[in-house]
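Some notes on the structure that comes next.
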Amino acid sequence: MTIHDLAQMASDLVADGKGILAADESVATLARRFDRLGIQSTEQSRRRYREMLFTTPGVAACISGVILYDETIRQKSSIGAPLTQVLERQGIVPGIKVDTGAKPLAGSPDELVTEGLDGLRDRLAEYRGMGARFAKWRAVISVGDTRPSSRCISVNAHALARYAALCQEAGLVPIVEPEVLMDGAHTIELCEEVTSAVLHVVFRDLAEQRVALECMLLKPSMVIAGTNGPRQAPVSEVAAATLRCLRRHVPAAVPGIVFLSGGQSARLATAHLSAINRMPGAKPWKISFSYGRALQDPALEAWDGRDDNVGAAQQALSHRARCNRAASLGTFTDDMETAATAGDRGASDDD
Ligand code: 13P
């Protein structure tokens with residue numbers, strides 16, 4: 001795998017009109033999501049759910065890659081094919097979450113540091129052997145009166161940079177995900193300040209660890225007020241603040257920015273992405289999505305753990321994928337949300 005191949009893979013993941021499906025919830029997180037709907041979480045039910053998502057007809061027109069969890073990358077479909085092969089046959093690239101979760105930061109118990117560097121080189125080699133071509137590591141930054149501390153930013157940025165360097169050595173494209181959480185009562189202005197500080201340190205550390213920016217993707221949160229903030233900014237303000245912040249900190253060599261949804265509703269995450277892409281002025285990177293909940297929630301609800309509902313659930317995923325495809329191209333319109341879903345199973349024709 002040459003540096004050229006890695007750069008090509010990074011660009012392919014953000015090819016026009018394509019984004020990433022994050023389906024890498026840990027067993028505990030997916031169990032919580034299943035629980036809310038009364039679906040039993042077992043190794044089999046998690047596999048059936050993921051197989052339903054991955055076999056959605058036509059979804060490859062909108063989805064370039066899927067981020068898997070360790071359990072999923074080892075699972076086989078109902079007819080015995082590895083789930084990675086199911087994806088590849090659709091023309092979708094398998095990726096893998098490689099951090100081992102965010103743990104309390106010593107000396108600062110209300111802040112988190114993401115772990116997983118120990119043994120990472122060997123795990124990356126194993127995942128690559130199983131078909132993964134890109135990876136994800138999520139750092140979590142919370143906002144509050146005294147948070148984030150500069151220590152929290154620096155340990156998380158350092159870990160992200162070391163992870164990214166190891167990925168490139170192993171022939172995997174790293175997705176670098178510093179998430180500034182929406183939880184809290186902070187203003188959009190404070191979110192912008194914190195996101196700026198975080199991106200500044202992340203790119204400094206990426207440079208220090210000699211990460212090739214052409215061979216990675218950035219997965220940031222949008223600049224948005226805290227869920228309990230005094231004022232929720234309109235879509236246009238979120239778009240302007242987010243783009244301003246990214247322009248100030250993300251070098252043009254990075255081929256793509258793929259947002260997380262972070263707890264926004266599915267529709268709002270699409271509207272924000274579309275508004276960002278429609279903003280005037282230079283955008284040196286592709287701007288797309290790597291959503292988890294904002295792509296999956298409607299599909300999970302429609303599926304409800306039942307094989308009879310597979311068609312309806314796939315239609316729900318397809319609809320969100322097509323709306324976000326249009327948003328990544330800046331061609332999304334509100335009408336698409338209400339458009340007949342009958343056409344949602346085929347290839348895109350709305351852009
Ligand atoms: P959400 O879009 O649900 O925030 O998930 C994206 C993700 O991969 C978080 O790490």
Side-chain angles (χ1 to χ4, degrees), residues 13-14 19-34 36-37 49-50 53 62-73 93-103 112-116 132 134-143 156 159-160 163-164 167 173-184 191 195 198 202 216-224 226-227 238 242 256-273 276 287-301 316-317 320-321 323-325 327-328:
L13 287 169
V14 286
I20 293 170
L21 167 64
D24 60 330
E25 298 84 2
S26 65
V27 170
T29 300
L30 194 58
R32 265 202 311 281
R33 305 230 166 115
F34 275 16
R36 248 178 256 141
L37 298 169
Y49 174 61
R50 261 72 181 247
L53 296 175
C62 317
I63 302 289
S64 56
V66 172
I67 314 173
L68 304 170
Y69 182 62
D70 181 78
E71 178 184 73
T72 324
I73 201 170
V93 181
I96 181 79
K97 185 234 293 291
V98 300
D99 66 68
T100 55
K103 309 284 159 58
L112 299 169
V113 57
T114 300
E115 295 186 346
F134 68 100
K136 178 193 112 170
W137 178 292
R138 171 176 176 253
V140 185
I141 307 290
S142 64
V143 184
N156 276 294
L160 274 170
Y163 137 82
C167 281
V173 170
I175 296 186
V176 172
E177 179 179 6
E179 175 172 6
V180 176
L181 292 179
M182 283 168 59
D183 303 342
C191 179
T195 307
V198 169
V202 165
M216 62 161 274
L217 297 176
L218 179 72
K219 176 164 173 169
S221 36
M222 293 176 188
V223 172
I224 207 165
T227 320
V238 169
T242 302
I257 293 175
V258 286
F259 288 106
L260 58 92
S261 60
Q264 302 177 52
S265 72
R267 286 184 175 212
L268 194 56
T270 302
H272 281 149
L273 177 62
I276 293 167
I287 303 178
S288 191
F289 57 91
S290 174
Y291 293 157
R293 286 161 287 179
L295 279 170
Q296 290 184 54
D297 279 357
L300 175 57
E301 228 169 275
L317 173 65
R320 291 266 45 94
C323 286
N324 285 307
R325 169 187 165 85
S328 75

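Numbering starts at 1 and runs along the sequence shown. In each ligand, atom 1 is the first atom listed, and ligand 1 is the first ligand listed.
The shortest N or O to N or O distance between G292 and ligand 1 is below 3.5 Å. Below 3.5 Å of separation, one finds no N or O of S290 facing any N or O of ligand 1. Among the atoms of Y291, none of the N or O lies under 3.5 angstrom from an N or O of ligand 1. The distance criterion of under 3.5 Å between nitrogen or oxygen atoms is met by G262 with respect to ligand 1.
Within ligand 1, the atoms closer than 4.0 Å to a non-hydrogen atom of S261 are 1 (P), 2 (O), 3 (O), 4 (O), numbered from 1 in the order shown.
Under a 4.0 angstrom heavy-atom cut-off, Q296 registers as lying outside contact with ligand 1. At least one heavy atom of K136 sits less than 4.0 Å from an atom of ligand 1.
The salt bridge (Lys or Arg N to Asp or Glu O under 4.0 Å) test with R138 singles out one residue from E115, E25, E179, and that residue is E179.
Screening residues 257-270 for salt bridge (Lys or Arg N to Asp or Glu O under 4.0 Å) gives R267-E337 as the qualifying pairs, with residues at least two apart or on separate chains.
Residue R293 touches ligand 1 through backbone and side chain together, judged by heavy-atom distances below 4.0 Å.
Between the Y291 side chain and the A269 main chain, a donor and an acceptor come within less than 3.5 Å of each other.
For T100, there are no side-chain hydrogen bond (donor to acceptor under 3.5 Å, both in side chains) partners two or more places apart in sequence or in a different chain.
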